[in-house]
S.K.: 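So that we are looking at the same thing, I have put the structure below in structure tokens.
We name chains A, B, ... by the order of the sequence lines, and we start the count at 1 in each one.
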Amino acid sequence: MSQLQQYAILFGLTVGTLGLVLSLYALARAIGKTRKEPGKDVPATAGQLSRDPVWVRYHARYTTFALLFLAFDMEMAFMYPWAVVYKEEGLVALLDMGVFLAILFLGLLYGWSQSALKRQ
Amino acid sequence: MFGSREFSKPNLLHGLIGRATGNDLRVLVVPGPELALAGGLDLMDAGLRMASGPRDANVLLLLPPLGDKMLNAASVAFAQMPRPRAIVALGVKNISPLPEADIYGELSQAGLIESVNSLRLHFAQNSFSNSVQSFDAPALQSRIEYTCPMHPEVVSNQPGSCPKCGMDLVPRETGTDTGQPEEKSVQKTQSSSNAAHAHSSHVKTAPAEVDHGEHKKADGESGDATAKYTCPMHPEVVSDEPGSCPKCGMFLEPVKAESDHGSHSHGSHSHESESSVSKLIGLEPGFMSMIEMTEGTPRSSDGLQMEWITVPFGPFFPGLPAGFGLELTLDGDNVAKATTSSFCGFSDSLENGPINAGDYVENLQGQMPLAPLTYRLLACRAIEAAAEKTSENDNLRDATLAQERIASQLRWLTNLGRQLGLKGIERKAAKLQLLIIGADYEQIIKLTPELSQFIKKVKATPFLRRRLDAVGELPPQSNWDGPQSIENNAAGRLVARLDDISQSLALIKKAGAIGEIKLAEIGNAAGHGHASVDTARGKANLHVELKGGQVISAKLDTPSMRHTELVAPLTDQQELGDALVAIASIDISPWEMRV
Amino acid sequence: MTLELVVTLIIAAAMFGTGIYGALSQTNLVMIMMGIELILAAALLNLVAFWRYLHPDAIEAQMFVLIVMTVMAVEMAVGFAVAITRFRSRGSVEMEEAQELKG
Amino acid sequence: MSVQVIFLLAFGLAAVWFGIVVFRTHSMVRSALALLFSQTAVGAMFLVMQAEFLGVLQIMMMATEMSIMAIFMVMFMMDPGGLGEMDMKHQRKLSLWAGIIAFGGASGLALFGDWGPIATQIPDAGEQVRLLGIELLGRSMLIFESAGLTILTAMIAATSIAVQPPHRPKETPDKSKEPYQVHNHGGAA
Amino acid sequence: MSSFVLIASLIFATYGVAVIEEWVSTNRLRLAGPLISTLRLLGQENILPRKSDRLFFEVGPVLLLIAALLSLAVIPLAPGLIVTDLATGALFFNAALAYVLVAMIMAGWGPDGAYGMIGGWRFLGQLIAYAMLVVMPITTVAMRAESLSTIDIVNSQEMLWNIAYQPLGFLLFLFAGMAMAFVPPFDLPVASGELAGGVEAEYTGVRLIIFRLGRMVLILSVSSAIVVFYLGGWLGPFGPDWSWSMIKILGVAALMLSGGRMLPRIREATLLAWSWKLGIPLALANIFLVGVLVLVVPL
């Protein structure tokens with residue numbers, strides 16, 4: 001099966017799931033309508049109505065983890081091709097990737113020492 | 001009629017769905033699962049599963065006692081439950097804002113099982129019916145109030161312009177006051193400022209420009225030598241360099257000392273950049289400056305000025321005590337401020353004149369459903385002290401008190417298990433609690449090995465101590481008289497409560513029998529009496545004044561009243577999950593809080 | 001066959017144009033970085049199109065794509081670090097209010 | 001008009017349309033996720049062009065990175081929910097013209113440049129990954145290591161800028177009554 | 001014919017995971033349980049929150065289901081029984097599961113509810129903790145198999161399963177897999193004790209069916225990935241090969257669901273700290289260990 005056919009199957013799988021979901025929605029709509037009642041469509045917070053909008057500038061505490069993750073994530077892109085050819089290349093591949101991983105680990109250690117790996 | 005979904009002629013599929021709904025019941029217990037356990041009802045055994053919120057539930061189970069604030073909250077929860085839904089009332093007759101209950105049963109395990117079976121029938125028959133009515137309740141009405149985007153504390157009922165900054169007020173929907181548990185404090189917190197974004201009007205160069213310029217920004221690095229830096233929260237902390245305040249870690253803000261007003265001419269501080277934002281060169285008119293918006297807001301611990309939201313963790317929050325109204329101001333997922341209230345506090349029953357001693361004892365016991373016998377003992381002892389009489393079976397009474405303490409600690413463990421996701425502990429503690437509550441002396445002795453084996457299992461739960469020992473650090477001089485523990489954190493309190501169970505078991509074994517708590521015969525004695533009882537949550541004391549066999553005045557001081565002040569320091573700047581576990585670890589009973 | 005190459009290049013050009021419009025018109029630092037991301041994505045698209053249709057044997061093109069992806073990630077990391085510091089000291093990352101950073 | 005062109009056009013138009021939505025929508029999270037789906041459409045175009053490893057990599061990397069961009073946008077932009085319909089743009093005319101000229105130039109180049117023979121013979125997916133691996137360890141080892149160094153400098157730069165130096169007062173402050181003098185010996189000038 | 005068998009076995013496995021999940025959480029084995037709760041939810045009203053972001057509210061659960069199904073597309077139940085045998089199958093599994101995060105952010109941000117929003121952004125923090133720990137063990141598995149295709153990976157475990165060959169990688173991948181499928185003790189976004197249902201709080205009716213179905217397929221795909229990468233896929237001493245992979249998948253799912261229940265829910269700060277300070281160094285050590293092992297041991 002050539003590659004393009006495989007991607008076509010994946011695309012078909014996605015469209016098939018969308019079809020399943022839409023048919024389920026149609027079945028649910030056929031079963032009955034949702035009745036509009038006061039207070040029903042307000043976000044439910046455990047017995048009280050919270051009407052104020054909640055879309056605020058959410059203060060995430062893992063910002064420094066995120067920065068380190070953005071840079072560290074790239075290492076994965078280089079590791080997959082290396083892993084595939086590793087057995088052929090033998091020792092030079094191990095040393096090569098060793099240097100690469102050591103460099104990245106250095107960055108991680110620096111972050112660790114600057115207390116970036118903590119809940120800010 | 002208020003529970004079923006509308007469909008003209010229900011067909012086979014609707015019947016099937018009705019039967020399926022009947023077999024998969026998700027219950028939202030009002031006031032809370034602890035009440036069911038205290039009343040000896042085993043919901044799991046009856047085939048009901050706990051719902052985590054109103055959207056997840058299809059059965060509303062009402063248990064006595066129910067105040068009107070609790071009923072208002074129940075009507076809000078019922079309104080938010082998706083149809084088909086049903087109301088089951090056990091041992092409760094008048095549930096005014098809620099519609100007529102679908103099934104009435106009496107408050108016992110047999111009554112519960114019988115009402116669950118009739119509930120399955122009810123769902124099978126009229127999950128779908130053609131005559132349906134909308135449910136409405138006073139707590140659901142909403143009215144429009146107007147508030148200024150820049151100053152959330154300015155609130156008025158009709159449109160106009162804000163007295164402080166002249167911007168026109170923005171409509172905002174809010175509940176009518178009858179629905180809210182207590183007066184919404186006028187000083188709304190940050191939350192309404194994000195409603196500010198509903199305003200599309202541009203920033204007018206309002207008179208308030210003047211004070212912007214004065215407020216010099218704390219440019220952390222290039223602090224010039226003459227400026228003084230002080231901490232916004234601790235003005236007495238004064239330092240001549242930028243940094244963070246040793247007391248609270250907040251960033252030190254530059255203060256406008258008189259001496260340096262004229263002298264600052266340092267490069268980066270050119271006077272021109274000091275002028276207000278809107279006079280910056282090259283700025284398009286109508287530019288919505290963000291500096292103005294984030295200027296006044298307090299800084300979080302990592303120096304960023306973020307917006308806070310006020311989120312209610314209301315009466316039916318799984319994991320928190322039932323009926324405990326908690327409102328947290330969240331900065332991200334850190335708690336910045338916590339305000340507590342109670343949906344079912346007790347009220348002094350002496351407003352309408354003195355009542356005789358026997359009724360006072362029954363009345364106090366009725367108001368405290370989570371610890372009825374404890375407060376009955378407290379009332380009897382206080383009245384007997386006032387009448388200088390001593391009851392003969394005092395040590396047997398202590399055995400009853402110990403039995404109730406064990407039941408209360410086991411309910412606390414169920415709550416902790418539900419909050420931390422430990423289903424095994426939650427189920428086992430509930431089962432043991434149901435056995436203990438109805439047991440007489442021999443049964444308790446037979447239960448002792450099972451109980452101590454369960455205590456060992458809880459202590460051996462992997463990672464439980466590690467999860468709890470960083471949480472719930474009580475401030476040093478706080479008046480905490482609950483179970484004393486060596487380590488001052490949630491893990492210490494867990495171990496203290498487990499030891500409390502074993503001590504109570506030993507006490508019951510020593511007492512030899514469980515005594516019935518009856519008020520000694522006092523005739524028409526008079527005088528002052530004081531008594532104090534060591535309840536599961538701490539020391540409760542009652543001061544009673546008797547005249548002619550009648551109680552004229554009584555002053556009750558319960559542990560939960562004192563411990564609610566601990567909630568704020570306990571949860572300050574804590575992560576949300578830790579704050580909730582800390583609150584659960586001090587085991588507040590909203591029934592013991594004043595209304 | 002050149003039709004596919006030209007179609008891809010035109011789409012990459014359209015993304016490039018959108019990226020430039022975005023980067024120049026937005027006032028917020030983070031939105032400007034999104035514009036740059038779009039420009040880099042257009043560059044990626046061109047690279048892969050050239051590799052696929054013109055020189056499939058030159059595997060260096062794929063290596064070049066990996067490097068451009070690294071640039072995207074690194075640029076975002078440092079950009080957000082600058083945004084955090086600026087927000088901490090000034091309270092906003094609107095470029096309009098960054099006049100004092102001018103030379 | 002082979003199947004490939006149709007899919008290329010479909011995903012391409014989706015990518016460009018999401019790119020435009022990024023700057024037109026008011027809600028910040030919508031704009032961040034629009035960019036995410038634009039990058040995913042670009043990844044899908046790589047798949048259509050049979051560069052499987054790059055396409056799957058692009059789809060994966062961009063999902064996590066653009067979500068992180070979404071949280072940073074929510075943290076630093078004024079009205080993340082888009083309730084206020086605020087328009088945060090300036091120098092509209094200039095940027096519009098710059099965009100059109102850029103598009104015109106690039107597409108002109110694409111249309112009128114002669115690209116020479118179109119290759120039809122492409123290594124299959126597994127082969128591509130293997131060749132890339134050998135290339136990585138062979139000729140482009142220096143590029144591979146310098147990419148590592150770039151990532152290292154990015155990590156160090158990001159951490160040193162973003163993380164506040166921990167402020168610990170040098171010695172415990174004394175409890176005297178007069179105003180609280182904090183003595184930072186040798187602190188930052 | 002084989003595609004019909006494949007679809008039937010996937011549906012059976014998802015139903016099996018749903019039965020195990022209900023059995024673990026209510027201590028009652030009810031084979032018709034998932035069917036009954038699906039019918040109940042089908043009959044429930046579909047409430048739309050008032051000022052919600054309608055697009056996110058609708059797309060969230062559907063994207064979760066599509067991401068989980070796409071990640072299942074590269075999992076082989078038997079040598080021929082696979083939806084698409086991509087040459088970069090292991091990478092595609094990881095790419096598909098990255099969109100679980102996007103779905104959770106949409107489902108959290110959409111309905112404008114406090115619990116959902118906090119749950120959604122918490123899951124992004126959780127991703128930052130587990131993402132690297134998913135990637136590096138897959139690299140070592142690919143190292144041994146010299147290819148990213150999942151069928152080659154299973155064939156490479158002919159002599160010795162990867163759980164014995166690289167146990168450290170197995171433990172890290174199990175830890176990261178449970179965090180990826182937000183199975184308790186890592187159920188931060190949908191914590192019922194802390195956030196009253198979190199991201200699921202605002203969903204009712206048929207959208208909740210899609211959300212729960214997506215979650216079950218996600219648990220199935222994570223446990224089948226563990227089986228394919230570490231427990232030798234369909235390799236088994238005797239009997240039909242697809243039965244082996246089915247038994248192993250349901251076994252791993254049961255292990256994940258019941259094992260996790262015994263631990264208290266982890267704090268997000270602890271999860272991040274542990275995975276960055278202990279997880280990533282261990283993963284790097286695992287790469288070196290396996291690197292040497294692959295060169296030395298002829299297996």
S.K.: Just how far is it from atom CD1 of D/I151 to atom CG of A/L104, taken to the nearest 0.5 Å?
M.R.: 5.5 Å
S.K.: Of the listed residues (A/A60, A/A8, A/G111, A/A116), which shares the most heavy-atom pairs with chain D below a 4.5 Å separation?
M.R.: A/A60
S.K.: Which atom names give the shortest non-hydrogen contact between A/I103 and D/G148, and what distance separates them?
M.R.: CG2-O, 3.6 Å
S.K.: Would you mind telling me which of D/M73, D/E52, D/E135, D/E65 has the largest number of heavy-atom pairs within less than 4.5 Å of chain A?
M.R.: D/E52
S.K.: Which atoms of A/V99 come close to chain D, meaning under 4.5 Å heavy atom to heavy atom: side chain ones, backbone ones, both, or neither?
M.R.: both
S.K.: Quick one: closest heavy-atom pair of D/M61 and A/M76, and the distance?
M.R.: SD-CE, 3.4 Å
S.K.: Taking all heavy atoms of A/E89 and all of D/L137, pick out the closest pair and write down the distance.
M.R.: CG-CD1, 3.4 Å
S.K.: What are the two closest non-hydrogen atoms of A/Q114 and D/V163, and how far apart are they?
M.R.: O-CG1, 3.2 Å
S.K.: Checking D/T150 against chain A: side chain, backbone, both or neither under 4.5 Å from a heavy atom?
M.R.: neither
S.K.: Using the ring of each side chain (for Trp, its six-membered ring), is A/F100 parallel, tilted or perpendicular to D/F144, with breaks at 30° and 60°?
M.R.: parallel
S.K.: Rounded to the nearest 0.5 Å, what separates atom CG in D/L136 from atom CH2 in A/W82?
M.R.: 10.5 Å
S.K.: Show me the pairs that pass ring pair (Phe, Tyr, Trp, His ring centres under 6.0 Å) and involve residues 110-136 of chain D, at least two apart or across chains.
M.R.: C/F50-D/W115
S.K.: Against chain D, label A/Y62 side chain, backbone, both or neither, depending on which of its atoms sit under 4.5 Å from a heavy atom there.
M.R.: side chain
S.K.: Please determine, among A/V92, A/T63, A/L101, the option with the most heavy-atom pairs under 4.5 Å with chain D.
M.R.: A/T63
S.K.: Around atom NZ of A/K33, are there more than 12 heavy atoms from other residues, nucleotides or ligands closer than 6.0 Å?
M.R.: no
S.K.: Do we see a donor-acceptor contact under 3.5 Å between the side chains of A/Y7 and D/Q50?
M.R.: no
S.K.: Grab the two heavy atoms, one from A/F72 and one from D/M155, that are nearest each other, plus how far apart they are.
M.R.: CD1-CE, 3.4 Å
S.K.: Any idea which heavy atoms bring D/L57 and A/A77 closest together, and the distance?
M.R.: CD2-CB, 3.5 Å
S.K.: What do the steps show when you test D/V74 against A/W55 for side chain to side chain contact (heavy atoms under 4.5 Å, CB included), and what is the final call?
M.R.: CA-CA 9 Å; D/V74 161; A/W55 288 336; over 6 Å; no
S.K.: Atom CZ of A/F78 and atom CG of D/L132: how far apart are they, to the nearest 0.5 Å?
M.R.: 9.0 Å
S.K.: Taking side chain as everything from C-beta outward and backbone as N, CA, C, O, which of these in D/L47 sits under 4.5 Å from a heavy atom of chain A? Side chain, backbone, both or neither.
M.R.: both
S.K.: Is the number of heavy atoms from other residues, nucleotides or ligands within 6.0 Å of OH (A/Y110) greater than 12?
M.R.: yes
S.K.: Between CG of A/L67 and CD1 of D/I161, what distance do you get to the nearest 0.5 Å?
M.R.: 9.5 Å
S.K.: Less than 4.5 Å to any heavy atom of chain A: does that hold for the side chain of D/M60, its backbone, both, or neither?
M.R.: side chain
S.K.: Any idea which of D/G138, D/A147, D/G133 has the most non-hydrogen atom pairs under 4.5 angstrom with chain A?
M.R.: D/G133
S.K.: Non-hydrogen atoms of chain A under 4.5 Å away: do they reach the side chain of D/V29, the backbone, both or neither?
M.R.: neither
S.K.: With a 4.5 angstrom heavy-atom cut-off, is it the side chain or the backbone of D/I71 that approaches chain A, or both, or neither?
M.R.: side chain
S.K.: Looking at A/L4, A/L68, A/T64, A/V84, which makes the most heavy-atom pairs under 4.5 Å with chain D?
M.R.: A/L4
